[in-house]
Amino acid sequence: MNDKYLSPYDPQSVEPQIYSEEEQSGLFNPDECVSAGHTESDAETYCIIMPPPNANGSLHAGHALFVTLQDIMIRYNRMQGKRTLWYPGADHAGFETWVVFEKKLQKEGRNRFEMDPKDLYNEILAFTMENKVFMEGQIKSLGASCDWSRLLFTLDDRVVKTVYDTFGSLNEEGLVYRGNRTVNWCPKHQTSLSNLEVSYEDRTDPFYYFQYGPFVIGTARPETKFGDKYVVMHPDDERYAEYKHGQQFELEWINGPITATVIKDEAGDPEMGSGVMTITPWHSDVDFKIAERHDLDFEQIIDWRGKLLPIAGEEFDGMNIKEARSKIVEKLDAKGLLVKIDEKYDHSVPVCYKCAREIEPQIRPQWFIKMQGLAEQAIKAVESGDTDIMSEQYEKTFKNWLAETPDWNVSRQILWGIPIPAKICVDCNHAEIDIENQLSQCSQCGGPVEQDPDTFDTWFSSGQWPYATLGYPDSQDFKDYYPTTVMETGADILTFWVSRMMMFGLHRTGQVPFEKVYLHGMVRDKKGLKMSKSKGNVIAPATMQDEFGTDALRMSLIVGNTMGSPMNLDPDKVRAYKKFANKLWNVARFVYSNTDGFDFESFDTTQLTADEQQLIDAWHETKTDIKSDMDEYRLYLAAEKLYHYVWHTFADEVIESTKEFTDPETRLITNDNKKYILLYTMGEFLRALHPFMPFVTSEIWKDYPKKDKKMLLVEKW
RNA sequence: GGGUGAUUAGCUCAGUUGGCUAGAGCGCUUCAUUGACGUUGAAGAGGUCACAAGUUCGAAUCCUGUAUUACCCACCA
């Protein structure tokens, strides 16, 4: 027996060695598996496209969970003899990286507005590349058996080309338009956000009532009221029956007398306040829609930095809106127009999900994708079963969201991303899509054109990831592996990402991008709370790996974690599986020390007694059971059953039953039947356990006395 | 406001299409063990499976209602 078994299992010394042996074997690449003869060239394929992690920081527990889940699926299916491809990637993560990078600049006392855009871009690129390498190292440390030779970055030329082609083909089908629309503008980040990137905060603020001509209007935002020259009420509100649609009247307002117009619109809610409101079409989506219906004027009151524009009058021009609010109230009060203030008005305020600053709705020309037809196709594909969302509780969310999703604003005003292939005319502002980058003058007025400074929403490019990675339309990978087998990702990005991949996949390739969707829940702390730096409850996977070993971390993330439900990570649980790794080590120590020199492959199994045969049959029953759990993605059950078998059946019963056959002198087992059972069964469960705990099983496998032994990675399960 | 889950041991959670005495990890009690094992093993305490009613030979599991709770979406002049 190898002396290494005399001391307890030490993950730190074993893991890097095992991973580098596996990686250097080249067998993470399915082509290598075929040419080395481990996989039949016509074998069924199995493919997972890795959700490309954001290359802007270190891995958190959620990454550890997805790497573990996918690696188990991949290793299991590879060991089933399938041609198995796990395609790794890295995401430039537009806005997310932008936010991280901006914080870094801030810390260094620098300001991006003072930097040359090219320098800025290059700095972010360098920053991202550095993080990308670091992140890949962490993924490797988790044991990911993905094919690094195919690694793709979301800003690689091949990806950009695919993204442009898709934008072009959407445009050809009339699904792209440029529109002046209300966007969710973050004054801090200087970009528009999608609806999904806006969160809401409950607040209690003062609510002001002002005299507006003959009416009383209520508002929580006096600072927008400068431009309000329309007063809206419900057509059926009898209190105001005397006022006709379009009727004009004079009134005294913030900066003197103005002329207001009465608008009758169903959006006016008679139950709300006085039933009368004034509107600010530029700075509210609801108001925008009313204004559109009645063809009203749009006036910008607040600039992109959150300051009042000249329309607010000399006194307020350039003033920050927060400061302006109280001053306006004071002024109106002085004029006798303040009716009352309700100090306790509860409402929810839209804020930027990154900086929590209030969203300022603004109007800005943006590129939009028409969603309705694309969404219908995606819904149909799920209903027909072409794509199976395995966690059924999310199927409804998926369909409901798609059925109601508005057109998608794909423009972002950030530098870090894929530039939108469009030109803007310097003279007439006309915007034109230019996929091939050939346009030199405006097709409308002949004036000079400039590149559209906006970039794509990162989900527009990552939504094309499955066919972009595989090299649509004519690469061999695309032919071999598309549609992919499983998309495994977090339930929280079902709408952000999975829905977009479905729509784009169907649009471009005519096929769904994946056959199954496995969604995992969020990893939380042991009390079920979301991990966050402010709560101080963040558990870094690297810490768990250092303390308990990667196999232990992997097991603890899997056992008891049902598909789609949140997962609570408790260090005590990881510790428990560290003990399990050591238990395996000691099982190996016992088996190897008792079977030195025993040739189990030449053993005549007919010598086994009925009771002994029973022990082997019991394993095979367990194995069959586990296999069906694996095939149906009940990984949590398979893991638990393996754990239970090794500890409570093999160690507690099989091993114990051999002890009466030991030589009193050497204290070794003398009975060949027992030796056979021990060796044979251990070989079986090492293989079965390998997808879950690749490191300790591989290390034990090195000493397994089998002829024509392969790496455990490519042994048959 | 709409939607989707959750509620099982002291704690954190499993429990597959309804089916033996409801399980795991950690914690707790007692005994044994230094001859595979950072110990481990044996035994044990601890559960009205949120509550109520129902379907069934049989319910933690299915139906209805109630309570509590979490998350997602929409949105409020």
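Just so we're on the same page: letters track the sequence lines, and every chain starts at 1.
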At under 4.0 Å, does any side-chain N or O of [X] touch on OP1 or OP2 of [N]?
X: Lys659(A); N: rG35(B); result: no
X: Lys396(A); N: rU4(B); result: yes
X: Tyr394(A); N: rG5(B); result: no
X: Trp647(A); N: rA24(B); result: no

Side chain of [X] (C-beta onward), nearest among [options]:
X: Glu640(A); options: rA14(B), rC26(B), rC37(B); result: rA14(B)
X: Lys579(A); options: rC26(B), rC37(B), rU16(B); result: rC26(B)
X: Asp652(A); options: rG41(B), rG15(B), rG25(B); result: rG41(B)
X: Lys225(A); options: rC37(B), rA77(B), rA14(B); result: rA77(B)

[X] has an atom [atom1]; how far is it from atom [atom2] of [N], in whole Å?
X: Asp287(A); N: rC75(B); atom1: CG; atom2: P; value: 14 Å
X: Asp596(A); N: rA36(B); atom1: CG; atom2: P; value: 17 Å
X: Phe590(A); N: rG41(B); atom1: CZ; atom2: C1'; value: 14 Å
X: Arg575(A); N: rC11(B); atom1: CZ; atom2: P; value: 20 Å
X: Asn400(A); N: rC73(B); atom1: CG; atom2: C1'; value: 9 Å
X: Trp401(A); N: rC71(B); atom1: CH2; atom2: C1'; value: 18 Å
X: Ile655(A); N: rA36(B); atom1: CD1; atom2: P; value: 10 Å

Q: Answer yes or no: is there an ion pair linking Lys674(A) with Glu612(A), defined by an N-O contact shorter than 4.0 Å?
A: yes

Q: Flag the pair Glu383(A) and Lys399(A) as a salt bridge only when some basic side-chain nitrogen lies within less than 4.0 angstrom of an acidic carboxylate oxygen.
A: yes

(Q) In whole Å, measure the gap between the C1' atoms of rU56(B) and rU61(B) for me. (A) 13 Å

Q | rG65(B) versus rG46(B) - spacing of their P atoms, nearest Å | A | 37 Å

Q | Donor-acceptor under 3.5 Å (Asp629(A) side chain, Arg634(A) main chain) | A | no

Q | Side chain Arg554(A), main chain Pro691(A), donor-acceptor under 3.5 Å | A | yes

Touch class at under 4.0 angstrom, heavy-atom based, for [X] against every strand present:
X: Ala651(A); answer: base
X: Arg589(A); answer: sugar-phosphate
X: Asn561(A); answer: nothing

Please name the nucleotide paired to [N] by Watson-Crick or G-U wobble geometry with both distances under 3.5 Å, or report none.
N: rA70(B); value: rU4(B)
N: rA14(B); value: none
N: rA77(B); value: none

Q | First of Thr219(A) and Val587(A) reached from the 5' end of RNA chain B, by closest nucleotide | A | Val587(A)

Q | 5′-ward residue of the pair Tyr9(A)/His347(A) relative to RNA chain B | A | Tyr9(A)

(Q) Can you confirm if the aromatic rings of Phe398(A) and Tyr394(A) lie within a centre distance of less than 6.0 Å? (A) no

Q.
Are Tyr704(A) and Phe600(A), when compared by the centres of their aromatic rings, separated by less than 6.0 Å?
A. yes

Q. Looking only at N and O atoms, is any donor in the side chain of Lys583(A) or the base of rC37(B) less than 3.5 Å from an acceptor on the other one?
A. yes

